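Let me begin by presenting the structure, written as structure tokens, before commenting on it.
A quick note: this is a predicted structure, and the numbers were derived from the prediction, not measured.
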Amino acid sequence: MSEAKVTTDHDEIRKWAEERGGRPSRVKDTGGKGGPGILRLDFGEKEEGLEEISWDDFFKAFDENELAFLHQDEAGGKGHKPSRFNKFIHRNSDKN
């Protein structure tokens with residue numbers, strides 16, 4: 001299995017997503033009072049429960065919520081195909 005990586009770099013996240021056909025999205029009906037709600041990357045056919053948003057809005061919410069992007073570049077097994085595994089996690093608050 002390929003190793004998971006963590007980044008907060010906007011360019012790296014966008015490149016990773018776009019190489020896999022991912023679009024910046026949010027979960028519909030989350031994030032009251034105009035907030036973006038729960039962020040997701042949507043791949044392939046659009047999922048009904050997700051609403052596509054701009055990269056600018058996506059990264060604004062990403063930074064405001066102090067998120068980091070956990071992802072895997074390649075899936076394990078034969079052929080080492082690009083992986084779509086990803087998760088948004090809270091940044092480590094232990095900054096020295």
Side-chain angles (χ1 to χ4, degrees):
M1 181 184 283
S2 182
E3 184 176 306
K5 301 175 183 178
V6 177
T7 187
T8 57
D9 182 273
H10 294 190
D11 292 334
E12 185 177 344
I13 296 166
R14 184 174 181 164
K15 180 180 183 220
W16 184 93
E18 289 179 343
E19 285 176 348
R20 292 158 176 78
R23 296 174 304 280
S25 303
R26 67 179 202 91
V27 177
K28 288 181 182 177
D29 301 324
T30 62
K33 295 192 179 191
I38 300 170
L39 298 179
R40 293 285 186 266
L41 292 173
D42 194 9
F43 298 95
E45 289 194 34
K46 292 185 180 185
E47 287 189 39
E48 188 175 316
L50 298 179
E51 177 180 25
E52 190 169 347
I53 60 176
S54 71
W55 280 112
D56 287 341
D57 289 342
F58 182 88
F59 285 123
K60 180 180 179 195
F62 180 85
D63 290 336
E64 286 175 355
N65 289 290
E66 298 181 345
L67 298 176
F69 183 63
L70 175 70
H71 63 287
Q72 186 178 41
D73 288 334
E74 295 178 345
K78 286 188 174 182
H80 298 284
K81 296 179 182 178
S83 173
R84 289 186 180 170
F85 169 78
N86 72 91
K87 184 175 183 179
F88 296 100
I89 59 175
H90 194 271
R91 293 179 192 167
N92 187 349
S93 59
D94 296 344
K95 297 177 184 175
N96 295 328

Name the atoms and distances for all side-chain donor-acceptor pairs under 3.5 Å in residues 35-48, with sequence neighbours left out.
from	atom 1	to	atom 2	distance (Å)
D42	OD2	R23	NH2	3.2
D42	OD2	E47	N	3.1
K46	NZ	E52	OE1	3.2

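Scanning for side chain to side chain donor-acceptor pair (under 3.5 Å) contacts around N65 gives an empty result, with sequence neighbours left out. The side chain to side chain donor-acceptor pair (under 3.5 Å) check on R20 picks up nothing, with sequence neighbours excluded.
At least one side-chain heavy atom of N86 sits less than 4.5 Å from a side-chain heavy atom of F69. The side-chain heavy atoms of I89 and L67, taken from C-beta on, include no pair separated by under 4.5 Å. In this structure the side chain of K60 never reaches within 4.5 angstrom of the side chain of W55, judged on heavy atoms. K5 places none of its side-chain heavy atoms less than 4.5 Å from the side chain of Q72.
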**OP:** Decide yes or no on side-chain hydrogen bond (donor to acceptor under 3.5 Å, both in side chains) for E74 and S83, but give the supporting numbers first.
**Re:** CA-CA 5 Å; E74 295 178 345; S83 173; over 6 Å; no
Subject >> Residue pair D63, H10: steps toward the side-chain contact (heavy atoms from CB on, under 4.5 Å) verdict >> reply: CA-CA 10 Å; D63 290 336; H10 294 190; 3.0 Å; yes
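In this structure, CZ in R14 is found 12.5 Å from CG in D9, a value given to the nearest 0.5 Å. Rounded to the nearest 0.5 angstrom, K87 NZ and L70 CG are separated by 7.5 Å. Taking CH2 of W16 as the reference point, atom CZ of R84 lies at 8.5 Å (rounded to 0.5 Å).
Counting all heavy atoms, side chain and backbone alike, P24 lies closest to S54 at CG-C, 4.1 Å. Smallest separation of non-hydrogen atoms from L50 and K28: O-CE, 3.5 Å.
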